[in-house]
Each structure stands twice: as structure tokens, then as C-alpha cells.
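A, B, ... follow the sequence lines: proteins, then strands. Residue 1 opens every chain.
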There are 2 protein chains.
Amino acid sequence: MEHVPVQRFCEFMTPSTIELQFLDELKSDQREYRRKEVITREGEKVANVFLLRSGWVTSSFAVDSGKRNQLVKLHFPGDVLGLPSIALTKTAETLIAATPTKVDVIPIERLASMFERAPRLAFTLFLSTQQERLMLMDHLAAVSHTSAQQRVAALLMYVHRRLKLFGECSDVLDLPMSQQQIADAAGLTSVHVNRTLGELKRADLICTEGKVIRLLDIDRLEELAAFPDRASVRNPWWLTSIGQQPFMGD
Amino acid sequence: MEHVPVQRFCEFMTPSTIELQFLDELKSDQREYRRKEVITREGEKVANVFLLRSGWVTSSFAVDSGKRNQLVKLHFPGDVLGLPSIALTKTAETLIAATPTKVDVIPIERLASMFERAPRLAFTLFLSTQQERLMLMDHLAAVSHTSAQQRVAALLMYVHRRLKLFGECSDVLDLPMSQQQIADAAGLTSVHVNRTLGELKRADLICTEGKVIRLLDIDRLEELAAFPDRASVRNPWWLTSIGQQPFMGD
DNA sequence: CGCTCCCTTGACTCGACTCAAAGCAGGTGG
DNA sequence: CCACCTGCTTTGAGTCGAGTCAAGGGAGCG
């Protein structure tokens, strides 16, 4: 039974055995990347999406003709990478492995066939990307309405939450990101991120031990980050009523 | 034949007659709203999505416990409203009619059934929401990396482009938005939007005649707005190869 | 007539950016 | 083993864009 890597498909319902098998057969290939290796560079032709099996991946955009970067999303195991660009001829995102990484390669035509063969999975993926869209909206609201401290805290808490899902998490974060990248994610400059981290340290919210960040007061950090909390549906009848048996013909 | 209101479904391929009929039968109801009327308020139970038939609709979030608003998206005829919240128990977006508006009400369970009955339409909708996601990413990048002038210009050009699609458009925009709303969209304050519009006027890029904005130099405005230009796929084989005949049983 | 929005303008503040220089690894090759 | 990169972090000084607060002016409406 696959567990972590298909969490995107388990978030709203539990897939049947046949569906899990179908998912497993989507991949055409499996690839590994080293830290900082490029998975996809913006401008390249779009042919695949990727299921992240292990490792962290950053998704970013060049802005200002390359002078700056916008880090749009930090991906964790179970995430599907590259979806936003499937309607384009050239990829918009640059995907870079932040840690050593394993991905399944899923050709777009197989993804398309999922809509015919496994509609329940397709709708689940659809729901999951709507959630992503919402997170982007929250990110957008945050970037234009919150202070540097809040944005940095929000980033830390986001990572903390995701890691908690895997149980891999204590109050210690080993961020594989430079301050420059944190800045790109939060919409700040590296200089200012540095100062902001300093402020958080002085406020006894975090401390750093080498590259590692220790979260000293998670409650206050959560409060600072001020994520809107949104409750997701689980097993809604309109989802579970869709045909459960995918058509596995030919 | 329905034309404008289903453009979201025609962007990537041409739906078959049966598919168009299916789309038409999705709605459970049709509603009309007056200017400033609320279609959906954040926090309400999620039961439907809406197909915008005519009029403009703003989608916004309260931030800072209601002191500020983030206007996330301006919707035009053909857009599907409310999708980002379908995975939630309570809506995240507040949808407000910016002009007199007509919408089709689509219960979520019917949307779900589309994934079973009309997979090609479902995948088309999926593609279209991936595009939305991308636009949000661009919006995000813009908000953190561009000046007030650029953001206001970007908003104007966005509206101009959308209107051009309907052929309704000259170089004259009749924005049904207050400067406060423009500010909410651009991530600015109303005071600063006012000054920024002043700058654009002094630079002979726009002029205002009452509530109407006349675009004096669209080329320079486009340059200022600096949208990334992204080419969408049309009729990709992996889309058109999906079963064209929806199952219309029972 | 007076209300309520909304736009407009001015004066002041401040958070985040820029530019710049200096410290600090970690890694590579001589 | 040391010398030298190169990339990342840290700190300082100065600037500026956008926000805040506040007051006045129009325009539409009951």
C-alpha cells in the first residue's frame, strides 16, 4: 500500500485498491535529483507532470527579467509538480530540488486518461488543486497585507505544519534554503530577511544552531503567522458517489 | 448554441453538441443580482458553484479581521465562480456583483457527476483552473515585485484584455469599481491609488471623463503592466483523444 | 436640505530596499 | 595542510515608496 506519496489523493477520500493500482501505473519513469538540480526550467516544453516521492522542491518564477525570483511554492512528498503549466506550451515554473529528491514522471496524456478511466481520482485531484488555488490566494493576501515578521513566521509555520503530517517533526527545522530563497518566498530582500530573523531571535521566538532553526514558541509563532484556518471536507457524498470502479479496459 | 457563457470550456477545444447540452443541464437554477449584491459571503456553507452569464463579479477575502480586503479576482462572463472553495465546508471567498449580474447555479454534486459523465469537459475545466492558478502566481509575483504604477496599469490592462475578448472594447473603460476596490485588488491603499492614477494622467497614459477611464497609450500601458505572455495549448491530442461522447445514461 | 459615499490633497512617518563592506564557512586544488 | 575561491550571512548608513491621519470638496440621493 502506497501511503505518503499519494496523500494528495487520500485527503478527501480513501482510494480503492484498484484506484491505487491505477495511480501506480500512471508513471512512465522514475527520476532522482541532487540538491539544487533543475527538474524543469521555465520556457521548456511541457510534456509531464511529476509526483514527488521524497525530498523538497521549490517552484519559482523569474521576475524583472531574471533579476529577482518569486518562490511560489514549497513542495513536499505527495505533491504533484508541474500542474499549473499543463495548459501551456512552455512551462512557467522552474522546479528545483531543494534536497535530494525522487519523483515519478507522469506524461500528460496519462493524466488525461485518468479523467476517463478513474473519474473519482480525477475529481479528487481537482479538489486538491482548488485547495492549492486557495493557498495561493491566502499567500497573495499575506504578501500585500502583512509585515516582514509575519511573513517569515508564516513560512516557518507552513513548513512546520507540512512536516508534522509526516510525523517527522519536532520543534527543529532544518531548512534547506538560503536567506535569499526565504526572501524570494516571502517577497522580501535577503538583507531584510536576515534582520527579521534577528528580530525573531531577540523576541525569543526562534533560535538558530548552525543552519538549523529551533522554534522556541510555536504558539506565538502561529499567532504571528495568522493563517486563516479552513476546514476541508472529508468523504462528501457527492464525491464518494462517483463510480468507484475505474474502467481498466484495454 | 451557447457562446460567451461557456468560453471557459471552449478555450482548449470545441465541445460537441452533446457536451454543450450537458453543460446546459448542469444548472439547477438561474439567479440575478443587483450591483453590490452579495452572491456568496465568506463563512457560508458551500453547496454550489456559479457560471457567470453576464456582468462582473469581484471575489474577495477579508484580511486583518475585516479591516482590509484583498480583491483576489475580477470575474467576467464565462467564468466559473466559487470553485476554489469547493473542497471546504465554509466558503473562503466573498463574491459580490460589481454590475447587474446573471448566474447559473450549479450544485456541486452535478459538477462531480460531470467527471463521470463528460470527462472531456471535466478535463477542460481542470485545465482552465490550472490557468487560474498560474494567473494567481503571476499576481503574487507582481504584488511583491512591482511598483504601484505598474500594478494599477496591470489591472487596467487585464480588464482591457478581457473585454477585448467580447469585442465590447474600445480604449474606454467603464470600471464599476471604487478606488478603494482598485486598491484592494492591487494591494495598495485608496489614497495611494488616487495619487497613482494622477501620475498616470500626468504621464498622458490615461485620462478620466467622469467615472470612465480612457486609455491614451495602450502600448506603453502594456509595457508598464509587463504581463508575462504565456501561450496556451489548443486542441492537444491528449485532450481530444478523451472519449467525446459523454455517457448520458438514466 | 442634509446625508453618505467617494475622490482629492497635504503633511508626516516608517518599513523595507539599496548600496556597500566585512566576516564566515565549505570546498577545491596546489 | 594551507591558500584561495565562491557563496552565504551579518551589519551599517542612507533613501524612498507607500501608508497613515486628517481635512476639505463633489456628486448623487432620499
Side-chain angles (χ1 to χ4, degrees), chain A residues 34-37 58 63-64 67-71 96 98-99 141-156 173-203 206-213 224, chain B residues 34-37 58 63-64 67-71 96 98 141-155 173-203 206-213 224:
Chain A
R34 293 189 306 277
R35 188 170 141 70
K36 297 198 183 181
E37 225 176 330
T58 60
V63 284
D64 268 355
K67 288 205 293 285
R68 283 263 183 298
N69 262 22
Q70 175 69 45
L71 202 161
I96 299 182
T99 67
V143 163
S144 44
H145 295 288
T146 65
S147 67
Q149 281 198 28
Q150 288 181 283
R151 289 187 232 170
V152 171
L155 178 61
L156 296 177
L173 294 187
D174 186 5
L175 275 191
M177 301 169 74
S178 67
Q179 293 183 359
Q180 179 57 251
Q181 285 177 298
I182 296 178
D184 291 340
L188 301 167
T189 53
S190 59
V191 173
H192 203 244
V193 164
N194 186 290
R195 291 193 228 274
T196 305
L197 286 172
E199 290 169 31
L200 294 179
K201 281 180 215 168
R202 253 170 283 127
I206 61 171
C207 64
T208 56
E209 302 158 355
K211 279 224 49 114
V212 180
I213 296 177
L224 235 192
Chain B
R34 292 188 306 276
R35 188 168 141 71
K36 297 197 181 181
E37 224 177 332
T58 60
V63 285
D64 268 355
K67 287 206 294 284
R68 283 265 182 296
N69 261 23
Q70 175 69 45
L71 200 162
I96 299 182
V143 164
S144 44
H145 295 288
T146 65
S147 68
Q149 278 198 27
Q150 289 181 283
R151 289 185 232 169
V152 172
L155 179 61
L173 294 186
D174 186 7
L175 275 191
M177 300 168 74
S178 68
Q179 292 183 358
Q180 180 58 251
Q181 284 178 298
I182 296 178
D184 291 340
L188 299 167
T189 53
S190 59
V191 173
H192 204 245
V193 164
N194 185 290
R195 290 194 228 276
T196 305
L197 286 173
E199 289 170 32
L200 294 179
K201 281 179 216 168
R202 254 171 282 126
I206 61 172
C207 66
T208 56
E209 300 160 357
K211 279 223 51 112
V212 180
I213 296 178
L224 235 193

Could you pull out the closest heavy-atom pair between Gln149(A) and Leu200(A), with the gap in Å?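 Between these two residues, the closest heavy atoms are OE1-CD2, 3.9 Å.
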Grab the two heavy atoms, one from Val63(A) and one from Gln70(A), that are nearest each other, plus how far apart they are.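 Residues Val63(A) and Gln70(A), closest heavy atoms: CG2-N, 4.3 Å.
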Has Asn194(B) got a side-chain N or O lying under 4.0 Å from the OP1 or OP2 atom of dC7(C)?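 No, no such contact exists.
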Hey, does the side chain of Thr189(A) come within less than 4.0 Å of dC17(C)'s phosphate (OP1/OP2), counting only N and O?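 Yes, Thr189(A) has a side-chain N/O under 4.0 Å of OP1/OP2 on dC17(C).
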Could you tell me the separation between the CG atom of Leu175(B) and the CD atom of Gln181(B), rounded to the nearest 0.5 Å?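 Going from the CG atom of Leu175(B) to the CD atom of Gln181(B) covers 9.5 Å.
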Counting heavy atoms from C-beta on, name the nucleotide in [options] closest to the side chain of [X].
{"X": "Gln179(A)", "options": "dC6(C), dT18(C), dT10(D)", "answer": "dT10(D)"}
{"X": "Arg68(A)", "options": "dA18(D), dA16(C), dT18(C)", "answer": "dT18(C)"}
{"X": "His192(B)", "options": "dT20(D), dT11(D), dG19(D)", "answer": "dG19(D)"}
{"X": "Val191(A)", "options": "dT9(D), dA18(D), dT18(C)", "answer": "dT18(C)"}

Heavy atoms only, 4.0 Å cut-off, all strands: where does Ser147(B) land among base, sugar-phosphate and nothing?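 Counting heavy atoms under 4.0 Å across all strands, the contact made by Ser147(B) is with sugar-phosphate only.
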Base, sugar-phosphate alone, or nothing: which one does Gly187(A) contact when heavy atoms must sit under 4.0 Å apart?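 Touches sugar-phosphate only.
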Is there a donor N/O on one and an acceptor N/O on the other, under 3.5 Å, for the side chain of Arg195(B) and the base of dT20(D)?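 A donor-acceptor contact between them is present.
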